[in-house]
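The sequence lines fix the lettering, A, B, ..., with proteins before strands; numbering per chain opens at 1. Values below: every heavy atom of this structure, side chains too, minus hydrogens, waters and symmetry copies.
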Amino acid sequence: MPESGRGAKASQAWRTLLQREDVRELLIPVVAVALALVLGAVLVMVGGKSPAAAYSALVRGAFGGIGNVAETLINITPLIFTGLSVAFSFRCGLFNIGAEGQLIMGQIIAAWAGFALTGLPAVVHMPLALLAGVAAGAIWGAVPGYLKARLGVHEVINTIMMNYIALYLSHYLVIGPLKAPGPLPVTPTIAPAARLWRFLPPTRLHLGVLLAVAAVWLVYYILFRTTLGYEIRAVGQNQEAARYGGISVRKNIVLAMVISGGLAGAAGAVQVLGLQHKFLDIFSFTGYGFDGIAVALLGRNHPLGVLAGACLFGTLARGAILMQSIARIPKEIIGIVQATIVLVVAADEIIRRFIAPRRKAAAATATTAAAASEVPAGGAEGGADHGA
Amino acid sequence: MSRKTTWIVVVAVVVVLAAVYVAVRGLPTAKKAEEAPQAMKAGMVTDIGGLGDQSFNDAAYRGLQKAKDELGAEINVVESKKMDDYEPNLRSLADQKYDITWAIGFLMTDALNNVAPQYPDLKFGIIDSVVEQPNVASVTFKEEEGSYLLGIIAATMTKTGTVGFVGGMDVPVIEKFEAGYVAGVRTVNPDVKVLIGYTGKFDDPAKGKEVALAQFGQGADIVFHASGACGIGVIEAAKEKGEGFWAMGVDSCQHHLAPDNVLSCMMKRVDVAVYDATSKVKDGTFEATHYVYGLKEDGVGPCDETSKHVPQEVLDKVNAYKEKIVAGELVIPSTRAELETFTAPAL
């Protein structure tokens, strides 16, 4: 019976592999995506369409030809920034729902810096406009951060409210002081020197995508290679212990929100400087900030995970366009697929139990601990830390 | 654990692989379908309001459906999820060689300005904005003229001496509705109070309901809305308040939403405009010009259902003013600034 012996050995190796925490961390999103795609296919079939045609349009829309790949990358870019933004605040135990508002501030201020300043060379103007957007987002994040640190006002409430202030403030600015002449609610076009370089004409692909990748590295570096990052993570895992260890909890809460807001502001700045070249009145939230929450969750709050999550969500968003126009599948299907992914990842305990029922007790303890410290998926950093 | 776990993992991997396989393999079939002999193709891209707003986007879609019924056109709608999608959405239809692609809403002005020159052989159209490209037909409406007539109805019919206006966002297109409506009210009776509220959005019925209920609470008995899908909530508010409270709809005829509480609707015949230009593409007479639809062109005005609740003498009055406008004797203000210098004419 040599064969069954080999089989047993393989199954043993398989088991060992599955017992590794990092492997299971990776498996959860994969299972989530699979489940979501199956559900999406079922819904498409219920709607009387062919799932094959739907997914083929999705893949074609996202990857068919340079133009589509470029558009996919354009969709991914802001999600990387907002995903990093949300993940960064999560690391400090803060739930930044305000990426949406910070992004809007980044958009309008970057647009303003882009058209109000003239005569600057591109090497100065572009970074300046970008920094203006980052600063605007950082300030928008700093306010709830400060209120949380000083007065203990919950950041969830405040960031949500700041979203609305940003939305309506931008609306006021674009129909008022910053409006371009003419009937449309839009700012003047930004100076060519402020635009992010489009390096793959005729596509709209611009420098922003490289900036986003650089931001992934930067966030990784700050979180895992600097004292600041160490302190922020310490505060996120246990405020009391951090304070006992001589770390200023207040300072780190504010700093985490500033950096988180700055990243979301960068998302807005990049959209304006790279894509729209002006600020057109937005009538409701763009969704990048909220999708950023999902991306951070999917990426287990790790910069590389965020990159992967953003790629997935950006691809789905891009693919949804051609699913609509070629396969005539309503865009809501992709919304359901995305929601299912988030749901399954958020309820990862369900999958964990399937994957490792033997460690049920241990897993249950882990959940309680995680819930108590209010750090979503704090365990995710384990693998990265050891790797670093 | 092992067996169950293994199964889960295997199934997950197989599903992902299968999805990719099916997707890739689906390519040639999808292409073949495209090459099949085709009728005329007409498509539209909605703004973020999307289909189902019972008003603006739905009106445009009716125009396309008419093109399908009467011209045998193959039609398609792409709904935009966010602003950055406008350009790719327009392109996705143009790439499939749609003979005409409609950009529904002024928000798409820039996007169409960028996309249209890249497809010189195809035609495009835009509603509520002007895009000066050799292959784009622009359509705007004189919303102020139709709104003026609704203002006359409201001011004549109100029992409380207070009427309301609910706008979506405070943008120039909506300002035209507001200015025309207020001018109409003042023409009939300068003492009638007009409450003005904005929802700040176009896609939130709950918000529309809130603003309308507030106006009803302040004594208004007729509320006119120009707020896209928010208006569904405005009409719901009138229905909830019951007899004697009226909503006035916009863009499409919205009577069916609350037959006993919708007094009139300011029709904005986006459907007519879309159908007209689309049919011109079909017979080769398409012109890349700026079409303006006012009362004279039957592009705006109260809907047919208005006679259901509005008495004949009021309708006669409305028609008298309409004739003046059509004849060019009466110019309706389209902005608040123009409204200030507007003097109400005598019949």
Side-chain angles (χ1 to χ4, degrees), chain A residues 11 14-15 18 27 30-31 33-35 37-38 41 51-53 55-61 64 67 71 74-75 78 167-168 171 175 183-186 202 204 271 275-276 278 280-284 286-288 317-318 320-322 324-328 330-331 351 354-359, chain B residues 1-6 8-9 11-16 19-20 22-27 29-30 33-34 43 45 47-50 76-85 87-89 91-93 95-96 106-107 109-110 114 118 129-130 168-173 200-204 228:
Chain A
S11 125
W14 185 231
R15 257 180 253 176
L18 277 178
L27 271 178
V30 173
V31 173
V33 171
L35 279 175
L37 287 176
V38 171
Y55 286 138
S56 121
L58 191 151
V59 171
R60 196 141 62 107
E71 282 296 332
I74 287 170
N75 265 293
L167 179 65
Y168 294 116
H171 175 62
I175 62 168
L184 302 179
V186 59
R204 303 194 291 168
Q271 290 303 96
L275 221 51
Q276 298 157 351
K278 56 182 73 170
L280 183 61
D281 199 3
I282 48 173
F283 289 88
S284 55
T286 57
Y288 289 127
R318 169 61 196 166
I321 291 179
L322 259 76
Q324 271 197 85
S325 81
I326 295 182
R328 307 192 175 198
K331 67 178 193 299
I351 297 180
F354 272 119
I355 295 180
R358 249 189 221 170
R359 294 173 49 149
Chain B
M1 73 162 222
S2 63
R3 203 161 289 169
K4 216 198 242 169
T5 316
T6 314
I8 301 268
V9 173
V11 167
V13 169
V14 164
V15 164
V16 172
V20 170
V22 165
V24 173
R25 201 177 143 267
L27 285 178
T29 9
E34 257 172 57
V45 176
D47 64 16
I48 36 191
N76 198 355
V77 185
V78 179
E79 291 181 88
S80 300
K81 207 172 151 195
K82 52 187 187 292
M83 248 168 220
D84 304 322
D85 289 346
E87 256 188 74
N89 282 349
R91 275 212 187 86
S92 78
L93 290 174
D95 283 338
Q96 296 177 68
F106 68 87
L107 286 169
T109 310
D110 281 334
N114 292 338
Q118 292 174 8
S129 183
V130 180
M169 280 192 120
D170 191 357
V171 289
V173 178
K201 326 173 156 188
F202 283 111
D203 56 359
D204 186 355

Discussion item. Counting heavy-atom pairs closer than 4.5 Å to chain B, which one of I74(A), V186(A), L167(A), D281(A) comes out on top?
Written reply: D281(A)
Worksheet, complete the sentence: Closest non-hydrogen atoms of K82(B) and N75(A), given as atom of the first, atom of the second and distance, are NZ-OD1, 3.5 Å
Worksheet, complete the sentence: All heavy atoms of S80(B) vs all of K331(A), minimum pair found to be O-CE, 4.2 Å
Worksheet entry | Selection from D203(B), D85(B), L93(B), D170(B) maximising heavy-atom pairs under 4.5 Å formed with chain A | D170(B)
Discussion item. Only pairs of heavy atoms separated by less than 4.5 Å count here; which of D84(B), V45(B), V171(B), V78(B) has the most with chain A?
Written reply: D84(B)
Practice prompt. Against chain B, label S325(A) side chain, backbone, both or neither, depending on which of its atoms sit under 4.5 Å from a heavy atom there.
Written response: both
Worksheet item: I175(A) versus chain B, heavy atoms under 4.5 Å apart: side chain, backbone, both or neither?
Response: side chain
So [Y] and [X], do their side chains get closer than 4.5 Å, heavy atoms only?
X       : Y       : value
L322(A) : Q96(B)  : no
D110(B) : Q276(A) : no
T109(B) : L184(A) : yes

Worksheet item: Within the side chain of Q324(A), is there an N or O that forms a donor-acceptor pair under 3.5 Å with the backbone of E79(B)?
Response: yes
Discussion item. Within this structure, what is the NZ-OH distance for the pair K201(B) and Y168(A), rounded to the nearest 0.5 Å?
Written reply: 4.5 Å
Practice prompt. Can you measure from CE (M83(B)) to CD (Q271(A)) and round to the nearest 0.5 angstrom?
Written response: 12.0 Å
